[in-house]
Number of protein chains: 2
Amino acid sequence: MSRTAPTAALKGVVKASRTTSQNDSIYNEMLSAILEQRLAPGTKLSEDTLGEIFGVSRTVIRTVLQRLAHEKIVRIQPNRGAFVAEPSPEEAREVMQARRLIEEGMIRDAIRNQSPENIGELRRSVAAERLSLEKGDHEAWVRLSGDFHLMLAAVAGNKTLLAFLKELVSRTSLIIVQYQKGTLSPCSCDEHTEIIDAIVARNENHAIALMKAHLKACEDQLNLCESDEKADLYSIFAKPIKEAGKSRTAM
Amino acid sequence: MSRTAPTAALKGVVKASRTTSQNDSIYNEMLSAILEQRLAPGTKLSEDTLGEIFGVSRTVIRTVLQRLAHEKIVRIQPNRGAFVAEPSPEEAREVMQARRLIEEGMIRDAIRNQSPENIGELRRSVAAERLSLEKGDHEAWVRLSGDFHLMLAAVAGNKTLLAFLKELVSRTSLIIVQYQKGTLSPCSCDEHTEIIDAIVARNENHAIALMKAHLKACEDQLNLCESDEKADLYSIFAKPIKEAGKSRTAM
DNA sequence: CATAATTTTATTGTATACAAAAATAATAAA
DNA sequence: TTTATTATTTTTGTATACAATAAAATTATG
């Protein structure tokens with residue numbers, strides 16, 4: 001009874017050795033749970049509950065939550081606790097814009113720094129992505145889809161930008177969870193392959209255009225018409241009306 | 001005797017109200033101390049000592065150190081503790097490259113989103129910067145010089161990119177502390193003014209070129225010839241030789 | 001019955017206690 | 001004297017205890 005429903009999704013707990021990587025282990029578990037949609041945006045992340053689930057004290061849970069908060073995956077409200085982040089439409093647009101800017105720069109560097117090994121890894125990643133899509137393994141697809149962009153960043157070779165992009169990719173997953181309208185993209189694998197081909201061909205302008213189009217297509221699949229905040233406002237002001245009935249407020 | 005010399009620079013402790021902003025207060029104090037060169041790169045940041053200085057327990061110090069570590073201002077070594085970061089020459093180049101990329105994108109947005117109020121604030125900031133330079137107030141100049149770029153980011157309007165740039169600007173200060181050769185730049189105020197003028201004139205290409213040149217000039221003032229790591233290696237292998245004497249290792 | 005005030009409960013924020021690891025000091029051996 | 005080993009001290013990592021705040025449940029009141 002004490003472990004409430006929302007966090008019940010986290011059951012596979014690895015005990016982890018007594019090193020500091022226990023920290024990382026819990027961090028990865030929670031990040032996966034959020035990005036794989038096992039923890040919905042807005043879910044309360046109680047320190048006590050998580051501590052029981054992972055078999056550690058609140059101290060270490062707190063550290064993990066702070067890390068996730070810094071990456072904007074979790075929102076910490078003072079004296080209220082931690083919640084899975086609910087990125088606003090504005091924030092979603094900002095993240096996608098930031099990605100277009102950073103990934104454009106990375107395409108340029110990737111074209112310069114590419115090697116057969118690098119490109120081979122990228123192609124294998126896309127192959128795995130295609131496979132997961134064919135098998136209908138949504139979780140794996142989400143992860144691998146993001147991995148492609150991170151691997152491209154690794155090819156570009158700027159670890160600082162890679163760290164930024166890692167955060168942006170995670171946040172994108174959360175954004176897709178919240179705002180994706182209808183079914184997911186038909187197959188972005190083909191777009192990924194095209195981008196690799198353009199990089200190999202050293203066709204900078206084309207590669208950049210493809211990447212920008214790819215990211216724009218992703219954003220266009222979202223329903224960012226600020227309907228979310230409106231709904232909140234309505235629910236607040238509609239308090240007097242309890243059940244169905246006729247609305248009294250103006251449209 | 002217990003409060004060791006390195007951290008003695010932090011003396012002006014604000015008690016802060018019992019809100020969570022006590023956290024922020026200590027964070028700001030420590031960040032300022034590092035960026036204003038009162039805490040040199042590599043300085044050990046003992047939890048106990050800092051706790052005594054700020055009159056709080058290690059718990060809250062730990063939170064602050066983790067935050068600074070996430071921003072790469074502090075490096076945490078497991079079981080060893082926290083140290084003021086010592087960015088490598090490679091990291092320095094990465095940070096400057098990331099800045100060129102991000103600030104180019106922000107120039108574009110700033111040109112679109114500018115308003116008389118925004119521009120006025122920018123100009124006032126540069127005026128304050130010039131004044132601090134004339135007065136020889138190095139600390140204020142470092143801060144204001146960074147503020148210009150952050151205000152420009154605010155004009156651009158993408159809070160996500162602003163957060164990234166805030167981190168990069170802080171790291172730049174640390175980099176300058178470590179690698180600046182000779183005296184500091186003659187007067188980057190003029191460059192800042194030129195950038196504002198180009199933005200007001202909506203001359204995108206010119207504004208971007210100026211910004212890139214400005215950042216490149218900053219990087220060129222650094223001594224990033226990996227001499228730092230070499231020095232470390234030498235000092236390690238030179239252990240047998242205690243005082244002056246003739247070196248036995250090959251040049 | 002609905003609303004307001006109060007009490008109770010639960011949860012976070014912080015301090016402290018203890019365990020584990022690392023750094024330092026001291027001692028013993030070559 | 002130098003090096004290796006051991007003992008001591010210091011410092012970090014984690015758990016727990018208590019205080020402060022917020023949420024809820026309860027009671028009182030119109």
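Chain letters run A, B, ... following the sequence lines, proteins first and then strands; every chain starts at 1. Given the structure is predicted, the values throughout are model-derived calculations rather than measurements. The figures that follow rest on heavy atoms only: side chains count, while hydrogens, waters and symmetry mates do not.
What separates CD of A:Q66 from C1' of C:dT14 is a distance of 12 Å, to the nearest Å. If you take CD of A:Q22 and C1' of D:dT14, they are 9 Å apart, rounded to a whole angstrom. In this structure, B:L65 atom CG and D:dT12 atom P are separated by 9 Å, rounded to whole Å. A straight line from CD of A:E47 to P of D:dA15 spans 13 Å, rounded to a whole angstrom. One interatomic measurement links the two molecules: CZ of A:F83 to P of C:dT12, which rounds to 8 Å at whole-angstrom precision. Rounded to whole angstrom, the span from the CG atom of B:L50 across to the C1' atom of D:dT11 amounts to 13 Å. As rounded to whole Å, 12 Å separates atom P of C:dT12 from atom CD of A:Q77. The distance between atom CD1 of B:I76 and atom P of D:dT14, rounded to the nearest whole Å, is 12 Å.
Nearest-nucleotide positions on DNA chain D for B:G81 and A:R80 put B:G81 closer to the 5' end.
Each of C:dT14, D:dT12, D:dA15 was ranked by its minimum atom distance to the side chain of B:N79; first place goes to D:dT12.
For A:T59 and D:dT14, the shortest distance from a side-chain N or O to OP1 or OP2 is not below 4.0 Å. For C:dT12, one of the phosphate oxygens OP1 or OP2 lies less than 4.0 angstrom from a side-chain nitrogen or oxygen of A:K44.
Salt-bridge formation is detected for the pair B:E86/B:R75: a Lys NZ or Arg NE/NH1/NH2 atom is positioned less than 4.0 Å from an Asp or Glu carboxylate oxygen. Ion pairing of A:E91 with A:R171 is present here, as a side-chain N (NZ or NE/NH1/NH2) and a carboxylate O approach within less than 4.0 Å.
B:E94 places a side-chain N or O within 3.5 Å of a backbone atom of A:K159 that can act as its donor or acceptor partner. For A:R93 (side chain) and A:L224 (main-chain N/O), a donor-acceptor pair under 3.5 Å exists by modelled atom type.
At the heavy-atom level, A:R58 lies under 4.0 Å from base atoms of the strands shown.
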